[in-house]
Amino acid sequence: MKLRPDEITSILKERIEHYDVETDLAEVGTVLQVGDGIARAYGLENAVAMEMLELEHGVVGLAFNLEEDDVGAALFGEWQHVKEGEPVRRSGKVASVPVGEALLGRVVDPLGNPLDGGGPIETDHRRQLEFKAPGVVQRQPVKEPLLTGIKAIDAMTNVGRGQRELIIGDRQTGKTTIGIDTILNQKDTDVKCIYVAIGQKASTVAQVYELFRDRGAMEYTTIVSAAAQEAAPIKWMAPFAGCAMGEYFLYNGGHALVIYDDLSKHADAYRQLSLLLRRPPGREAFPGDVFYLHSRLLERACKLSDALGGGSLTALPIVETQAGDVAAYIPTNVISITDGQIYLESDLFFSGVRPAINVGISVSRVGSSAQTKAMKKVAGRLRLDLSQYRELEAFAQFGSELDETTRKALARGERMVALLNQPQYQPWPTEEQVVALYAGVNGFLDEIPVADVPRFAAELVEHLRAEGTILKTISETGDLSDEVATKLDEEIKKVLQGFAPAESDSLV
């Protein structure tokens, strides 16, 4: 057999051209130090902020501190098994969580792992934990109402789709209840809900889950739980994970509501994490960027422009105060970031006013632009009347002789407070709120004993449900026209006539 050099050359050239070596370059470092859920790794010069790092024993790290010589990482998983000297690898992926419709109805941890024993969550969608909030041009003003079903809030400190409304107050004043009621009231709407429990007892989260499940609210709700026994990195991650899950609906033209319960515990977890990472402490030992922590989280809630689909993400952050001190560090930070606050007061709560909203301090900076016309008409005077009543109430404690006008204002105020009282987990439809408030602000309740006001409101609503047309018209048009108002006056008078015997019984 004769070998031809030109043939061999052409074959070699072809082989060289098509030669492809699969190279797998991985940047591997070494764990220098580990403890308290924090690791320091050497040899990861190209790691980026918030990058996921892979350690032994299935532990995942999150690159927080990018220093000259080493990387400070928060650890997720059973970090107790990680030892000094073990390898740590870059994953090349920035921290993200699974998102999408598949998470509705589930209880998950901030990493997206199911906690409800309902099997794995199958979704192809993931979103980064940290995401830049839309700019001014990408947004539009908040003008659609997001109804909470709570008379005092929908009338005076109303929430709009895309708004950030803070719920603030001491412990055990009903903050979580407002969030839960708002989620219950989203039934039969197009709003998807995410309830983020940060540092709550696992038993409390279980109670919330059971309540949602029994009321059919889990169909459109995801619960993200970072329970009290979890490490600080998990608690830090929880609200960002919940926000990413809500953003999935926001950027797909849908509407979502996220409740962060609560950001005081979130700030505490971040302080712990920062101090362990040797970041310099500032006021009250919080790191210097604790304001930025919450501002970059809450700014992601918005109403997108129509060109981007018109989706909305509404945030209801909760902050706990100590002895009513709203001027403390974290409360003032979050108040300055949000578009208003609902302040719950212990004294009002213990005196039987539920929800215990202090009308003077509570405000919605979106105002009536996110209210229906009907609610604007009946609620316009309500805040003024209640503020006046609170002033007169304090004044009346000192004066024995009160003039007729003051007595009338006090009587009207007492009845309006009784009318706004509402049991927990019983949200009211807007049209029913409107007719009840209409009866109050127009003086129809002035002759009814205060104790009978809630019963009268319930009977009025029951009567109007049977009548049918008034509630239907208000619901469909969102307005309270003069014609409907005249008809409503007649119906209220009918109920008042039938209510008289019950009133006389209660006076006996």
Side-chain angles (χ1 to χ4, degrees), residues 33-40 49-50 60-67 70-77 79-80 95 109-111 129-130 164 166-171 175-176 196-202 204-205 224-244 258-300 315 317-338 341:
Q33 185 185 1
V34 64
D36 295 314
I38 299 295
R40 291 191 175 278
M50 303 298 292
V60 175
L62 190 59
F64 257 96
N65 277 18
L66 305 178
E67 296 175 18
D70 57 42
V71 171
L75 303 182
F76 299 93
W79 59 266
Q80 297 89 343
D109 69 8
L111 294 161
L129 274 186
E130 297 267 14
R164 289 87 32 108
L166 172 65
I167 302 166
I168 184 169
D170 284 7
R171 62 185 301 274
K175 301 185 298 298
T176 300
V196 183
I198 310 157
Q200 305 283 336
K201 289 181 290 188
T204 307
V205 180
V224 181
S225 173
Q229 82 274 9
E230 294 287 358
I234 288 281
K235 291 181 198 166
W236 163 83
M237 192 180 182
F240 291 100
C243 189
V258 189
I259 288 162
Y260 304 113
D261 191 7
D262 65 79
L263 291 187
S264 306
K265 292 189 182 75
H266 182 233
D268 290 346
Y270 186 60
R271 171 169 60 184
Q272 183 183 331
L273 192 57
S274 298
L275 292 173
L276 288 168
L277 284 163
R278 297 278 187 269
R279 290 183 177 180
R283 180 175 161 188
E284 292 178 28
F286 285 106
D289 65 339
V290 73
F291 179 91
Y292 180 53
L293 170 79
H294 288 150
S295 64
R296 73 175 185 263
L297 170 71
L298 293 169
E299 274 299 307
R300 288 160 72 177
I318 295 174
V319 164
E320 188 178 294
T321 53
Q322 306 290 330
D325 183 14
V326 289
Y329 189 29
I330 301 302
T332 47
N333 275 358
V334 185
I335 283 170
S336 65
I337 297 163
T338 48
Q341 67 276 347

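Keep in mind that this is a model prediction, so the values were computed, not measured.
Here the CZ atom belonging to Phe291 is positioned 14.5 Å from the CZ atom belonging to Phe286, to the nearest 0.5 angstrom. From Ile198, atom CD1 reaches atom CH2 of Trp236 across 12.0 Å, with rounding to the nearest 0.5 Å. In this structure, CG in Leu277 is found 8.0 Å from CD in Glu67, a value given to the nearest 0.5 Å. Here CD of Gln341 is found 11.5 Å from CD1 of Ile167. Values are rounded to the nearest 0.5 Å. Between atom CZ of residue Arg164 and atom CZ of residue Arg300 there is a gap of 13.0 Å, rounded to the nearest 0.5 Å. In this structure, CD on Glu230 lies 8.0 Å from NZ on Lys235, to the nearest 0.5 angstrom.
When all heavy atoms of Val71 and Ala63 are compared, the pair lying nearest together is CG1-CB, 3.9 Å. In terms of heavy-atom proximity, Ala315 sits nearest to Tyr260 at CB-CE1, 3.9 Å. Residue Asp261 comes nearest to Gln200 through the heavy atom pair O-NE2, 3.0 Å, listed as atom of the first residue, atom of the second, then distance. Considering all non-hydrogen atoms of both residues, Pro110 and Ser225 come closest at CD-O, 3.6 Å. Across every non-hydrogen atom of Ile330 and Val290, the tightest pair is CD1-CG2, 4.0 Å. Across Leu298 and Pro317, no two heavy atoms sit closer than the pair CD2-CG, 3.8 Å.
Considering Arg271, Lys265, Gln272 as possible partners of Asp268, the one that fulfils the side-chain hydrogen bond (donor to acceptor under 3.5 Å, both in side chains) test is Arg271. Shown are Ile168, Val334, Val319; of these, the side chain to side chain contact (heavy atoms under 4.5 Å, CB included) with Ser264 is made only by Val319.
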| task | Determine, step by step, whether Leu297 and Leu263 satisfy the side-chain contact (heavy atoms from CB on, under 4.5 Å) criterion, reporting the C-alpha distance in whole Å, the side-chain angles of both residues, the deciding distance to 0.1 Å, and the verdict. | result | CA-CA 11 Å; Leu297 170 71; Leu263 291 187; 4.2 Å; yes
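When side chains are defined from C-beta on, Leu273 counts as touching Pro233, because their heavy atoms get closer than 4.5 Å. Looking at Thr204 and Thr176, their side chains never come closer than 4.5 Å, going by heavy atoms from C-beta outward.
A side-chain donor from one of Tyr270 and Arg279 sits under 3.5 Å from a side-chain acceptor of the other.
Using the six-membered ring where Trp is involved, His294 and His266 have ring planes that are tilted, between 30° and 60° apart.
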